[in-house]
Amino acid sequence: VRTVVLSGGTGSAKFLMGLQPLCHYTVVANVGDNSWFHGLYVCPDIDTVTYALAGELDTERGWGVRGDTFNALERLRELGSRDTWFKIGDVDMATHVYRTALIEDGKTLTQATEAIARAYGVRDWRILPATDSHVETRIRTAEKGEMHLQEFWVREAGRLTPTTVRYAGARAARPTPQVERAVASADRVILCPANPITSIMPTLSIPGVREAIRRSKARKVAVSPMVGQGAYSGPAAKLMAAKGIRPTSLGVAELYRGLVDALVIDESDREMERSISKAGMECLVTSTLMRNRDSQVRLARVALEA
Ligand code: GDP
């Protein structure tokens, strides 16, 4: 069975680690949170997935390399850099230095990502950026106008009021041939429990991706990142509301309508089961909390067998 998984970063990483003992798979990773810091091209979701699959992710924080230090960042702050609000560890920084050098050398983001994953010993799981083009999730806020998702979430600590979200560069972007091939030959496509607005929609907004998934004969399953009237973590609820989507698993179902065959929701949202089925997809109810390795594997198995 060829499995393709659409991912974001932290929530996705927990799910992908749960899926690791069950099968080999190809990750189509979000690029909407990519950005430049200190002249380096930083790809937070791709790196989170890479470190997770390599067993080096700091799982407490949900990002970065376990045990990393922040000496370079501290020195950058002392030198006068204003960009040190985005936390980059010393070992993590090496990834960005190497990736930027590869890209300046003419390699694509896909090639750079593969080289880094290989160096990290990730061989049985493939990590593909959704596109080689730069796509950027931009959040308009009531207080300070439009900004990059990272500025909204990290620099401003998610405190501002989002009014709209757009994916700059998405319309001109194309999925890579590797992504097109992976989706076309997939038997199963899984949408991770990830922020729908900042992790899944940037990928689905690239012309051709939604159609390719829809066309594929794969069984398509999404896992909801929502529980009750909100998300397990992060700004998903606020951003869904800004998009006019209700911040619940039912909202996720409406967003993925026509794309997925089944949605896995949390047992505490059992009362949404009928409305979700009416939205035209099967609804599976289980505990979706990924607290530890066992619950990660359990949820991954549900999605794999759904
Ligand atoms: P990001 O790129 O770092 O925002 O990471 P993702 O989009 O991959 O993951 C963030 C999403 O994961 C949030 O919307 C959370 O609600 C969701 N999430 C985090 N932990 C869990 C969990 O234990 N279970 C489920 N179902 N979702 C989770």
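Each ligand, and each atom within it, is numbered from 1 in the order the structure gives. Quick note: numbers below take in every heavy atom, side chains included, and nothing from hydrogens, waters or symmetry partners.
- Scanning the protein heavy atoms around atom 11 (C) of ligand 1, the nearest turns out to be Asn195 N, 3.5 Å.
- Between Glu282 and Arg219, at least one side-chain N (NZ, or NE/NH1/NH2) sits under 4.0 Å from a carboxylate O, which counts as a salt bridge.
- Interface of Ser233 with ligand 1, defined as ligand atoms under 4.0 Å from a residue heavy atom, comprises 13 (C), 14 (O), 15 (C), 16 (O), 19 (C).
- When non-hydrogen atoms are compared, ligand 1 lies under 4.0 Å from the side chain of Ala236 (C-beta onward) but not from its backbone.
- For atom 18 (N) of ligand 1, the nearest non-hydrogen atom of the protein is Tyr232 CB, 3.7 Å.
- Under a 4.0 Å N-O distance rule, the pair Glu151/Arg155 qualifies as a salt bridge.
- Here Ser12 has heavy atoms under 4.0 Å from ligand 1 in both its backbone and its side chain.
- Annotation: the span from Ser12 atom OG to Leu19 atom CG amounts to 11.5 Å, rounded to 0.5 Å.
- The protein heavy-atom contact nearest to atom 16 (O) of ligand 1 is Pro225 O, 2.7 Å.
- For ligand 1 and Asp45, the ligand atoms under 4.0 Å from any heavy atom of the residue are 2 (O).
- Using a 4.0 Å cut-off between charged nitrogen and carboxylate oxygen, Glu78 and Arg75 count as a salt-bridge pair.
- Below 3.5 Å of separation, one finds no N or O of Met226 facing any N or O of ligand 1.
- We find the OH-CZ distance between Tyr25 and Arg126 to be 14.5 Å, quoted to the nearest 0.5 Å.
- Each of the following atoms of ligand 1 lies closer than 4.0 Å to a heavy atom of Thr10: 1 (P), 3 (O), 5 (O), 6 (P), 8 (O), 9 (O), 10 (C).
- In terms of protein heavy-atom proximity, atom 24 (N) of ligand 1 is nearest to Thr288 O, 2.7 Å.
- Near Ala194, the atoms of ligand 1 lying under 4.0 angstrom from a non-hydrogen atom of the residue are 6 (P), 7 (O), 8 (O), 9 (O), 11 (C).
- Under a 4.0 Å criterion applied to the non-hydrogen atoms of Leu289, ligand 1 contributes the atoms 23 (O).
- Nearest non-hydrogen protein atom to atom 7 (O) of ligand 1 is Ser199 OG, 2.6 Å.
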Should His134 and Tyr41 be marked as a ring-ring contact (aromatic ring centres under 6.0 Å, His included) after you check the CA-CA gap, both sets of side-chain angles, and the distance that decides it? CA-CA 10 Å; His134 183 72; Tyr41 196 51; 5.7 Å; yes
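- The closest protein non-hydrogen atom to atom 22 (C) of ligand 1 is Met290 CE, 3.5 Å.
- Only the side chain of Lys14 comes within 4.0 Å of ligand 1, counting heavy atoms alone; its backbone N, CA, C and O stay farther away.
- Taking the six-membered ring where the residue is Trp, the centroids of Trp36 and Phe86 are separated by 6.0 Å or more.
- With a 4.0 Å heavy-atom cut-off, ligand 1 is reached by the backbone of Ser224 but not by any atom from C-beta on.
- A salt bridge links Glu146 to Arg138: one of the charged nitrogens lies within less than 4.0 Å of a carboxylate oxygen.
- Between Asp45 and Val49 there is no side-chain heavy-atom pair separated by less than 4.5 Å.
- Polar contact with ligand 1: absent for Arg291 (N/O pair, distance under 3.5 Å).
- Once rounded to the nearest 0.5 Å, the distance linking OG1 of Thr108 with CG of Leu102 reads 9.5 Å.
- Remark: ligand 1 and Ala231 share no N or O pair separated by less than 3.5 Å (distance only, no angle test).
- Residue-to-ligand polar distances place Gly11 within reach of ligand 1: an N/O pair is separated by less than 3.5 Å.
- Here the options are Asn34, Asp33, Val27, the test is side-chain contact (heavy atoms from CB on, under 4.5 Å), and the partner is Asn30; only Asp33 passes.
- Within 6.0 Å of CD in Glu143 there are more than 12 heavy atoms belonging to other residues, nucleotides or ligands.
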